[in-house]
Amino acid sequence: MKTESSLRVLVVATKPPWPPVDGGRLLLSLSLDGLAAAGCRVTLVAPDAPAPTPVGVAVLRSLAGGGPLAITRHGQPALGRKVERLLKAERFDLVHVEQLQALPQAEAAFRLGVPVVLREQNVESDLWAATAALTPGLKGTLLGIEARRLARWEGDAVRRAAATLPLTAEDASRLRTLAEGGGNLRVVRAPFPELGPGPVGTLGDGGAKPSALPGDPAVVLLVSRGWLPNEDSVAWFLGDVWPAVRAGSPGAVLHVFGADPDAAPPPGGVHHPAPKDSAEAFAPGAILAVPLRIASGVRMKILEAWSRGVPVVGTPAAVAGLEAQDGRELLVAADAPAFARAVARLHREPGLAARLVEEGGRARRERHDPARVVAELLEVYLEVVALGLGGTGGSTLR
C-alpha cells in the first residue's frame, strides 16, 4: 500500500517556481516544499525560464486545429519529450500538472496510463470571457471566440484527468459545468505559511526591524505586467480609484511595486521595482489594495497580507473564493468611492485595521495552513493511485 513517504510524483509546469515572483510560482513552490517535507520523491519538469511560442506561430497552430491560442502559446514540445523519457525510464505513481497550459506536455502520461492530477489555479476560460466583455471592438470579439474554444478544451481536460484540483468551491462548480458533470473535482486550497512582518530595515544597534513606507496612510499596489486582467486592474485603479482615495485621504501615498520603470508615477505615488524580499511591500502600517475586476482562483497576495499582518481592501472579484466577509477579514469595495471610504476608515480607525489583521491571520491558519493543505493534496494523490485512475487516452487538442 502506498504511503506519502513512498510516493513518486512527476510535476510538470510551464514556468519555474523559483524565484516565486508571482502568485502562480509561489503556489507551486510552497506545494513542492510541502510535498518534500512529507517525504514524497518529487521530480520537477519545467523550463529554466518561460518561453512562450511566438504569437504568429501560435496563431497558425491554433488555426490548424492545435487547440486554443491560450494553450498553443505555451506549448513546449521539448518539455513533453522530456516528460516521456522520464516516464519510460522511471516508475512514477502519478503526474501532477500545474495549470491547464502545462497539460499538453503531459500527453505521454495519458498514453502510458500514468494517473494525471491537474491543478487548476483558476478557470482559464472565464478569465478570457471576462476580459472579452471589457474589451471593445474586434479585439473583444476575438477574445470571446477564444474564450469559447478554451471553455470546450478546459471541460475536456477535466474529464480526462484522474483528478482536477481547483482552489475554491466556486471554481469547482464552474469547472463541473464546463465538464458537463464529468471529472473528479476536489477542492484543495492554496497553502500559505506564517511569515509575520519581515526584517527589511535595521535598528541603530544592528538589529533587524520591519521598515514602514511613507504615507498617511501608505497604500500598496502590487503590479504583475503582461496579463490583461492585471493591466486592466492597474489602469482602473490609477485612473478612477486613486484620485478618489487622494481626495478622501490627502496625505495618502501610493506605492506601486513592479511598475513599468519607463512610466511616470501617478500624482501622490512612488514607483518601486518588484521587491527582492516581499516584506518590503507588506510594510507595517500599510494598506494593501487589490483592485482586480477580472479574477478566478485565489489571490496569494491577500494570503500574504494576512500572514504579514497588513489590512486589505479588495474588489468582490479579488476576494472571491477566500470565504472571507466584508468587515471581518478584509474590506470589500466594488467601486472608486467605496475604495476611498475603505482606505479612509482604516486610516481613521486603527482598531478596525487591527481586527481585520487578527481575523485574516486566523483565516490563514485555519484554511491555508501548509501542513493541512499538503495533507489534503496527498489524500487525493493516494486515492488516485489506489484506485488506479490512469488517463483516458486520446488527444486534449480539439
Side-chain angles (χ1 to χ4, degrees), residues 1-20 23-48 79-80 82-103 105-121 157 160-167 183-195 297-298 300 303 364-365 367-391:
M1 180 178 178
K2 278 288 177 184
T3 63
E4 293 91 338
S5 60
S6 64
L7 275 176
R8 295 177 59 93
V9 182
L10 181 62
V11 177
V12 183
T14 58
K15 56 186 179 182
W18 302 288
R25 287 181 173 88
L26 180 58
L27 174 61
L28 179 55
S29 67
L30 290 171
S31 301
L32 292 173
D33 290 345
L35 291 172
C40 294
R41 299 180 63 182
V42 180
T43 300
L44 172 67
V45 177
D48 293 332
L79 256 65
K82 183 174 183 179
V83 168
E84 184 165 11
R85 288 195 300 271
L86 284 169
L87 290 175
K88 289 181 176 179
E90 305 177 40
R91 187 182 185 284
F92 289 93
D93 295 298
L94 61 95
V95 174
H96 173 116
V97 175
E98 189 70 12
Q99 295 188 268
L100 192 68
Q101 294 88 340
L103 195 60
Q105 281 67 254
E107 272 300 309
F110 290 103
R111 293 197 302 271
L112 297 172
V114 180
V116 172
V117 174
L118 169 64
R119 179 155 67 183
E120 288 263 50
Q121 294 186 8
R160 296 185 72 216
T164 300
L165 310 180
L167 300 178
N184 176 21
L185 285 150
R186 301 281 293 274
V187 176
V188 177
R189 297 185 180 98
F192 207 94
E194 182 72 39
L195 295 176
V298 300
M300 298 295 283
L303 297 182
R364 187 212 59 80
R365 291 189 298 273
R367 301 197 286 269
H368 300 277
D369 175 70
R372 182 177 301 178
V373 171
V374 169
E376 294 173 357
L377 180 60
L378 288 171
E379 182 181 340
V380 177
Y381 283 177
L382 291 171
E383 177 184 299
V384 163
V385 172
L387 295 176
L389 297 175

- So, for L94 and V114, which heavy atoms are closest and what is the spacing to 0.1 Å? CA-CG1, 3.9 Å
- All heavy atoms of L32 vs all of L44, minimum pair found to be CD1-CD2, 4.2 Å
- Identify, with sequence neighbours excluded, every residue that meets side-chain hydrogen bond (donor to acceptor under 3.5 Å, both in side chains) alongside S31. R119
- Task: Sequence neighbours left out, what passes side chain to side chain contact (heavy atoms under 4.5 Å, CB included) with E84? Give chain and number order.
- Result: K88, A108, R111
- What one should report as the nearest heavy-atom pair of F92 and L87 is CD1-CD2, 3.9 Å
- Under the side-chain hydrogen bond (donor to acceptor under 3.5 Å, both in side chains) rule, collect the residues that match up with E379, sequence neighbours excluded. none
- Task: List for me each residue that meets salt bridge (charged side-chain N to carboxylate O under 4.0 Å, His left out) alongside E194, sequence neighbours excluded, and say none if there are none.
- Result: R364
- Task: List the steps and the verdict of side chain to side chain contact (heavy atoms under 4.5 Å, CB included) for L35 and H96.
- Result: CA-CA 12 Å; L35 291 172; H96 173 116; 5.7 Å; no
- Message: Measuring from atom CG of L165 to atom OH of Y381, what distance do you get when rounded to the nearest 0.5 angstrom?
- Response: 7.0 Å
- Query: Picking from L86, V83, L118, what satisfies side-chain contact (heavy atoms from CB on, under 4.5 Å) with V12?
  - Reply: V83
- Can you list the residues that meet the salt bridge (charged side-chain N to carboxylate O under 4.0 Å, His left out) rule with E120, with sequence neighbours excluded? none
- Item | Verdict with supporting geometry, D93 and L382, side chain to side chain contact (heavy atoms under 4.5 Å, CB included) | CA-CA 9 Å; D93 295 298; L382 291 171; over 6 Å; no
- Task: Using salt bridge (Lys or Arg N to Asp or Glu O under 4.0 Å) as the criterion, point out the one residue from R85, R8, R41 that pairs with E90.
- Result: R8
- For R189, which residues count as a side-chain hydrogen bond (donor to acceptor under 3.5 Å, both in side chains) partner, sequence neighbours excluded? E323
- Sorted by chain and residue number, the side chain to side chain contact (heavy atoms under 4.5 Å, CB included) partners of P19 (sequence neighbours excluded) come out as V21
- Item | Over all atoms of both residues, closest heavy-atom pair of V188 and L167 | O-CD2, 3.4 Å
Return all side-chain donor-acceptor pairs below 3.5 angstrom for residues 369-376, not counting sequence neighbours, or 'none' if the list is empty.
from, atom 1, to, atom 2, distance (Å)
D369, OD2, A371, N, 3.3
D369, OD2, R372, N, 3.2
R372, NH1, E366, O, 2.5

- Which residues share a side-chain hydrogen bond (donor to acceptor under 3.5 Å, both in side chains) with Q105, sequence neighbours left out: none
- Note on the structure: Sorted by chain and residue number, the side chain to side chain contact (heavy atoms under 4.5 Å, CB included) partners of S29 (sequence neighbours excluded) come out as P17, W18, P20, L26
- Task: Grab the two heavy atoms, one from A162 and one from N184, that are nearest each other, plus how far apart they are.
- Result: O-ND2, 3.1 Å
- Message: Give me the atom names and distance for the closest heavy-atom approach of E98 to L27.
- Response: OE2-CD2, 4.0 Å
